[in-house]
Amino acid sequence: MNRDDQTSLALLRAFRKLRHIQFHARGPMIEGCTNSETILLLVLRRSMRMGSPGLKASELSGLLRISSPSVTQMVNVLEARGLLERSVDPDDRRAVRIRLTEAGNRLTELADKAMLEGMKGLIAHLGEDRSRLLLELLEDVFDYYGDGNCPFPCPPHREPEQ
């Protein structure tokens with residue numbers, strides 16, 4: 001095995017390890033929400049900030065890569081807790097849109113703060129210079145695969161700038 005092959009295998013192993021990190025599982029549950037529920041709320045908030053009137057359960061299912069019954073179960077729990085609401089889509093009376101309530105929005109702000117605090121630990125571990133280098137390298141990796149160089153069937157999608 002040549003040096004390029006060894007490096008390629010090492011990078012593949014590193015990406016596989018990275019995929020299994022539970023970035024959001026390090027801290028305590030935020031106001032009793034599971035990690036999955038918190039992620040669902042964050043996805044809803046992002047879509048609403050981009051001007052969406054809310055998402056359909058099928059759209060949430062696709063974005064979260066989980067089954068529709070799982071989304072429905074989480075939505076039922078979160079709606080009962082007053083963190084999100086369902087409403088009929090004014091453009092398609094058959095469709096139901098799911099959106100955050102004020103309480104849901106406040107919870108996502110708490111989640112953001114918790115995630116930022118968690119990243120501070122990584123920055124302290126790596127140091128500022130290595131953290132910035134990591135960020136640059138990850139952006140380069142994302143750009144490389146986002147430009148059609150991905151050997152896999154589904155290249156990553158571009159996140160909107162914040």
Side-chain angles (χ1 to χ4, degrees), residues 12-123 134-135 137-162:
L12 284 171
R13 280 196 288 283
F15 284 134
R16 284 186 192 124
K17 286 180 188 176
L18 192 61
R19 187 178 72 204
H20 294 289
I21 292 175
Q22 299 285 323
F23 294 102
H24 51 287
R26 295 229 182 261
M29 290 174 56
I30 297 169
E31 293 197 12
C33 282
T34 66
N35 295 324
S36 298
E37 291 167 346
T38 302
I39 291 169
L40 184 146
L41 293 170
L42 289 166
V43 167
L44 276 173
R45 184 185 67 181
R46 182 177 61 198
S47 76
M48 290 172 64
R49 284 186 173 172
M50 294 171 59
S52 170
L55 296 174
K56 298 176 190 174
S58 60
E59 293 169 329
L60 277 169
S61 176
L63 289 168
L64 297 170
R65 297 182 181 176
I66 60 176
S67 69
S68 289
S70 295
V71 167
T72 300
Q73 183 179 9
M74 281 194 286
V75 167
N76 288 341
V77 168
L78 294 169
E79 183 179 36
R81 293 188 55 209
L83 299 172
L84 53 79
E85 61 190 7
R86 292 178 169 116
S87 60
V88 175
D89 187 328
D91 297 328
D92 180 0
R93 307 286 297 159
R94 298 168 296 165
V96 173
R97 296 279 175 181
I98 302 161
R99 46 184 295 118
L100 289 180
T101 61
E102 270 306 309
N105 199 49
R106 279 192 303 277
L107 189 136
T108 61
E109 289 171 10
L110 292 174
D112 274 346
K113 287 178 185 173
M115 287 187 284
L116 287 174
E117 285 300 314
M119 283 294 115
K120 288 179 184 177
L122 177 61
I123 294 167
L134 176 61
L135 178 59
L137 291 170
L138 290 173
E139 287 293 335
D140 286 347
V141 168
F142 189 79
D143 289 343
Y144 173 78
Y145 285 116
D147 288 340
N149 296 306
C150 186
F152 310 109
C154 195
H157 68 281
R158 274 240 176 248
E159 291 287 330
E161 294 294 322
Q162 298 200 10

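Basis for what follows: all heavy atoms, side chains included, without hydrogens, waters or symmetry-related copies.
Side chain of Ser70 to main chain of Ile66: no donor-acceptor pair is present (N/O by atom type, distance under 3.5 Å, no hydrogens or angles).
In this structure, the separation between CG on Leu100 and CE on Met48 is 5.0 Å, given to the nearest 0.5 Å. The CG atom of Leu110 lies 6.5 Å from the CD1 atom of Ile30; values are rounded to the nearest 0.5 Å. The CZ atom of Arg16 sits 5.0 Å away from atom CG of Leu12, with the distance rounded to the nearest 0.5 Å. With rounding to the nearest 0.5 Å, the separation of CE in Met119 from CG in Leu122 is 5.5 Å. Atom OG1 of Thr72 sits about 9.5 Å away from atom CG of Leu60, to the nearest 0.5 Å.
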Run Val43 and Leu64 through side-chain contact (heavy atoms from CB on, under 4.5 Å) and show every step you take.
CA-CA 8 Å; Val43 167; Leu64 297 170; 3.7 Å; yes
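Ser61 and Ser67 get closest at one heavy-atom pair: OG-C, 3.6 Å.
Side-chain contact check for Leu41 versus Leu78: some heavy-atom pair is nearer than 4.5 Å. Residues Arg81 and Cys33 are in side-chain contact: their nearest non-hydrogen atoms beyond the backbone lie under 4.5 Å apart. Inter-residue side-chain proximity for Asn76 and Arg86 is flagged as met; some heavy-atom pair is nearer than 4.5 Å.
Here Arg13 pairs with nothing under the salt bridge (Lys or Arg N to Asp or Glu O under 4.0 Å) rule; sequence neighbours left out. Listed by chain and number, the residues in a side-chain contact (heavy atoms from CB on, under 4.5 Å) with Ser58 are Lys56 (sequence neighbours excluded).
With respect to Leu42, the side-chain contact (heavy atoms from CB on, under 4.5 Å) criterion is satisfied by exactly one of Leu44, Thr38, Leu40: Thr38.
Contacts classified as side chain to side chain donor-acceptor pair (under 3.5 Å) and involving residues 99-109 (residues at least two apart or in different chains) are given here: Arg45-Thr108.
Between Glu59 and Arg97, at least one side-chain N (NZ, or NE/NH1/NH2) sits under 4.0 Å from a carboxylate O, which counts as a salt bridge.
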